[in-house]
K.L.:
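Below you will find the structure I want to go over with you.
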Number of protein chains: 2
Amino acid sequence: MNEQNRCIDASDVCRPGNERIARLVRLAARGFNRSLQIRLNTEKVTFGQWIFLRILWQEDGLSQRELSERAHLTEPTAHTALIRMEELGYIVRRNVEGNKRRQHAFLTPRGWELRDQLEPLAVEANEIAVAGLSAEEQRILRKALAVMIRNLENDEADAARRGVRVPPTKGNPAQ
Amino acid sequence: MNEQNRCIDASDVCRPGNERIARLVRLAARGFNRSLQIRLNTEKVTFGQWIFLRILWQEDGLSQRELSERAHLTEPTAHTALIRMEELGYIVRRNVEGNKRRQHAFLTPRGWELRDQLEPLAVEANEIAVAGLSAEEQRILRKALAVMIRNLENDEADAARRGVRVPPTKGNPAQ
DNA sequence: TATCTAATATTAGATAGCTAACAATTAATG
DNA sequence: CATTAATTGTTAGCTATCTAATATTAGATA
């Protein structure tokens with residue numbers, strides 16, 4: 001087994017071809033999660049909260065629906081995360097424009113403070129992750145991932161159109 | 001927003017640099033999961049079972065410990081998955097070589113049968129995922145992912161050596 | 001205005017992953 | 001041989017995600 005593939009086990013190579021990429025992506029996602037979590041946990045922010053905070057730091061005052069869409073998470077997931085974040089004092093949730101349905105989330109001073117504390121940690125995690133990759137390799141990596149995401153989203157949409165109910169992906173499957 | 005980035009939301013570009021890759025990897029892993037699950041579900045095999053089946057198809061009779069390591073999942077996870085797979089008749093679990101600790105898993109005829117039924121579905125999912133990527137792009141994608149995985153594993157190991165307890169990644173964070 | 005439809009949020013329940021603690025067996029050591 | 005350490009498996013309990021079903025409000029239409 002060569003150096004480059006040190007971390008890849010036999011189950012990845014039992015088939016030549018593309019199957020292996022699914023495995024690599026899964027492991028990379030797991031690694032990113034854990035690397036970020038090591039750092040974020042020092043500030044007592046969970047990974048899910050981090051996702052929503054990042055979106056709010058860029059655009060404060062989004063509704064729960066908008067947040068769940070941008071985070072690519074379901075509404076109940078956003079709901080419980082936002083409730084928790086309000087309890088922790090990172091955000092407040094309230095209606096705006098006289099619309100009693102939409103619940104908008106607004107960062108508190110503490111929520112903004114977290115940005116300065118947490119972002120350097122995340123940047124560090126990502127610099128570590130791509131160490132040793134050239135700019136060109138990183139560019140192709142980004143492009144390839146974006147293409148795959150689009151392909152897979154279309155695949156899921158096609159299945160939905162064909163009436164195939166997309167089964168739940170519960171638990172922690174991407175680890 | 002250009003075509004290539006259609007599926008990427010604003011939270012990905014709020015920082016130039018590497019952070020975006022973590023996001024792309026997460027979304028790609030999610031897409032792979034769902035794409036596979038759409039297909040596997042037609043045969044009533046969960047994603048977790050699929051992971052262990054793939055390993056057994058390549059090397060039958062592995063112990064629970066070996067299976068959990070190759071799958072990059074914890075032992076309790078392997079344990080419950082294997083118990084379930086035995087109930088479903090895909091494998092049998094038994095001791096070998098007079099060692100009463102090790103529980104080895106052996107595929108049943110039904111377990112082997114699943115290989116022929118499921119592998120084409122997974123190959124299809126992966127062909128869809130990488131459609132539009134040249135062979136060279138796929139090669140660089142594989143290499144880049146492998147490098148990142150190694151970097152992130154080393155990062156986690158370093159943290160462990162420094163005495164940083166790696167916090168759990170519960171729930172479904174990679175979605 | 002009244003009624004229907006769409007949008008949004010909430011609640012309830014299920015599940016696969018995780019950690020931690022325990023049990024049982026095997027190997028190592030005095 | 002007895003005791004300790006290492007290995008392996010098991011059980012218990014937690015949690016973030018998901019789907020499904022429900023409630024509430026806003027908008028559209030007769």
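Residue numbers begin at 1 in each chain, while the letters A, B, ... track the order of the sequences.
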K.L.:
Should B:N151 and A:V130 count as side-chain neighbours, where that means a heavy-atom distance under 4.5 Å?
P.N.:
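Not in contact.
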
K.L.:
Using a 4.0 Å heavy-atom cut-off across all strands, classify B:R84 as base, sugar-phosphate, or nothing.
P.N.:
nothing

K.L.:
If hydrophobic clusters are built by linking Ile, Leu, Val, Met, Phe, Trp and Tyr wherever their side-chain heavy atoms come under 4.5 Å apart, do B:F106 and B:L56 end up in the same one?
P.N.:
no

K.L.:
Which of the following nucleotides, D:dA26, C:dC18, C:dA16, is nearest to the side chain of A:R30?
P.N.:
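Of all the options, the side chain of A:R30 is nearest to C:dC18.
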
K.L.:
Whole angstroms only, please: what is the CE-C1' distance between A:M85 and D:dA16?
P.N.:
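Rounded to the whole Å, the gap is 14 Å.
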
K.L.:
Side chain of A:T74: nearest nucleotide among D:dT19, C:dT26, D:dG9?
P.N.:
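Selected nucleotide (nearest to the side chain): D:dT19.
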
K.L.:
Checking all strands, does B:T80 fall into the base, sugar-phosphate, or nothing category for heavy-atom contacts under 4.0 angstrom?
P.N.:
nothing

K.L.:
In whole Å, I'd like the distance from the CG atom of A:L62 to the C1' atom of C:dA9.
P.N.:
16 Å

K.L.:
For a quick test of reading the model: is some side-chain N or O of A:R94 closer than 4.0 Å to OP1 or OP2 of C:dA9?
P.N.:
no

K.L.:
Which nucleotide, in any strand shown, forms a Watson-Crick or G-U wobble pair with D:dA30, with both distances under 3.5 Å?
P.N.:
C:dT1

K.L.:
Measure from the side chain of B:R34, starting at C-beta and using heavy atoms only, and say which of D:dT19, C:dT19, C:dT26 lies closest.
P.N.:
D:dT19

K.L.:
So, does B:R93 get its side chain near the phosphate of D:dT8, meaning an N or O under 4.0 Å from OP1 or OP2?
P.N.:
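So the side-chain polar atoms of B:R93 never come under 4.0 Å of the phosphate oxygens OP1 or OP2 of D:dT8.
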
K.L.:
Answer yes or no: does a side-chain N or O of A:Q64 lie under 4.0 Å from OP1 or OP2 of C:dT10?
P.N.:
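Yes, because at least one side-chain N or O of A:Q64 sits under 4.0 Å from OP1 or OP2 of C:dT10.
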
K.L.:
Base, sugar-phosphate or nothing for B:R65? Non-hydrogen atoms, less than 4.0 Å.
P.N.:
base

K.L.:
Would you say B:Q103 reaches D:dT10's phosphate, i.e. side-chain N/O to OP1/OP2 under 4.0 Å?
P.N.:
yes

